[in-house]
Amino acid sequence: MASIIVQAVVILLDVIAFGLGVAAEQRRSRATVTPDSAKEYDYCVYDSDIATGYGVGALLLLAAAQVVLMVASRCFCCGRGLKPGGSRACALILFLFTWVTFLIAEACLLAGSVRNAYHTRYRGNFYGEPLSCETVRKGIFAAGAAFTFFTAILGEVYYLSYSKSRDAAGGAPYGGSSIGMGPYN
């Protein structure tokens, strides 16, 4: 039977990571071009940098949830064998998709956090070209939050399928021995 504690911890961490990803999207940095006092250079003024913290927090919580899930399921490949059948095949497919969505979510959250932390300093206004302040693109943190949600759903279903196949395998590894050993005469 699947552990309720593992499921609750993983869902809690994933929900908080999802919330932080959405909050990071809402609070990402915005910039305005401002001339200096001598009117020689223009520079960018950024309003807030809290989205970087939210993004890193979501990244770490999602990683913690993935670690808890993989330790509880022994990363699918370690530990005793699983009973062959539909549950094991489903668990394998969900294991792979969980890792894919996890890696995409982590990449989006990391890229958004790094890009949000990058601030353009001074830039001259050369040849009449307009100044562009670097900010994170809209939707990067939202994509990370969406893939965090997908990872949470796939991870929970993976753990349930893994547990069903593990419980069906029985107590001994690979279902036990079918050849009895007798004394040698």
Side-chain angles (χ1 to χ4, degrees), residues 1-29 48-118 135-171 173-175:
M1 182 172 164
S3 171
I4 303 292
I5 295 171
V6 170
Q7 289 177 316
V9 167
V10 170
I11 272 296
L12 180 68
L13 291 173
D14 283 335
V15 165
I16 295 171
F18 174 75
L20 287 174
V22 171
E25 177 65 30
Q26 296 297 319
R27 298 292 310 259
R28 60 190 167 78
S29 293
S48 173
D49 199 27
I50 196 163
T52 300
Y54 288 159
V56 170
L59 180 123
L60 294 175
L61 288 173
L62 181 62
Q66 191 76 356
V67 166
V68 168
L69 188 65
M70 291 304 125
V71 166
S73 67
R74 294 184 180 92
C75 199
F76 190 76
C77 56
C78 300
R80 64 182 187 183
L82 302 176
K83 182 179 181 193
S87 294
R88 184 174 77 171
C90 185
L92 176 63
I93 292 168
L94 289 168
F95 173 79
L96 296 174
F97 280 129
T98 300
W99 272 103
V100 168
T101 58
F102 168 75
L103 292 174
I104 293 171
E106 290 284 310
C108 289
L109 292 170
L110 181 64
S113 296
V114 168
R115 193 68 172 158
N116 193 66
Y118 176 75
T135 58
V136 66
R137 291 179 72 103
K138 188 175 184 177
I140 297 293
F141 286 118
F147 278 101
T148 298
F149 180 74
F150 295 146
T151 302
I153 299 296
L154 291 173
E156 287 297 318
V157 176
Y158 156 71
Y159 185 65
L160 290 173
S161 181
Y162 172 84
S163 296
K164 182 178 177 185
S165 180
R166 181 192 64 208
D167 294 343
Y174 305 105

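Positions are given from 1 along the sequence.
- Taking CZ of F147 as the reference point, atom SG of C108 lies at 6.5 Å (rounded to 0.5 Å).
- How far CH2 of W99 is from CG of L69: 9.0 Å, rounded to the nearest 0.5 Å.
- The shortest distance between side-chain heavy atoms of V22 and F18 falls below 4.5 Å.
- Under the 4.5 Å side-chain criterion, counting only non-hydrogen atoms from C-beta, L109 is in contact with T148.
- The CZ atom of F149 lies 10.5 Å from the CG atom of D14; values are rounded to the nearest 0.5 Å.
- Of all non-hydrogen atoms in V56 and S113, the two that sit nearest each other are N-OG, 3.4 Å.
- Between E106 and A63, the closest heavy-atom pair is OE2-N, 3.6 Å.
- Here the shortest heavy-atom pairing between L61 and A17 reads CB-CB, 4.0 Å.
- Side chains of T98 and T151 form a contact here, defined as non-hydrogen atoms less than 4.5 Å apart.
- Contact annotation: the side chain of K138 approaches that of R28 to within less than 4.5 Å [non-hydrogen atoms, C-beta and beyond].
- Taking the side chain as every heavy atom from C-beta outward, V100 and L96 never approach each other to under 4.5 Å.
- Note that CG of N116 and CD of E25 are 10.0 Å apart. Values are rounded to the nearest 0.5 Å.
- Between F95 and M70, the shortest heavy-atom contact is CE1-SD, 3.5 Å.
- Nearest heavy atom pair, residue S161 against residue A91, reads OG-N, 3.3 Å.
- Across all non-hydrogen atoms, the minimal contact from A51 to F141 is O-CZ, 3.9 Å.
- In this pair, Y162 and Y159 present their aromatic rings parallel. The plane angle is below 30°, not in the 30 to 60° band.
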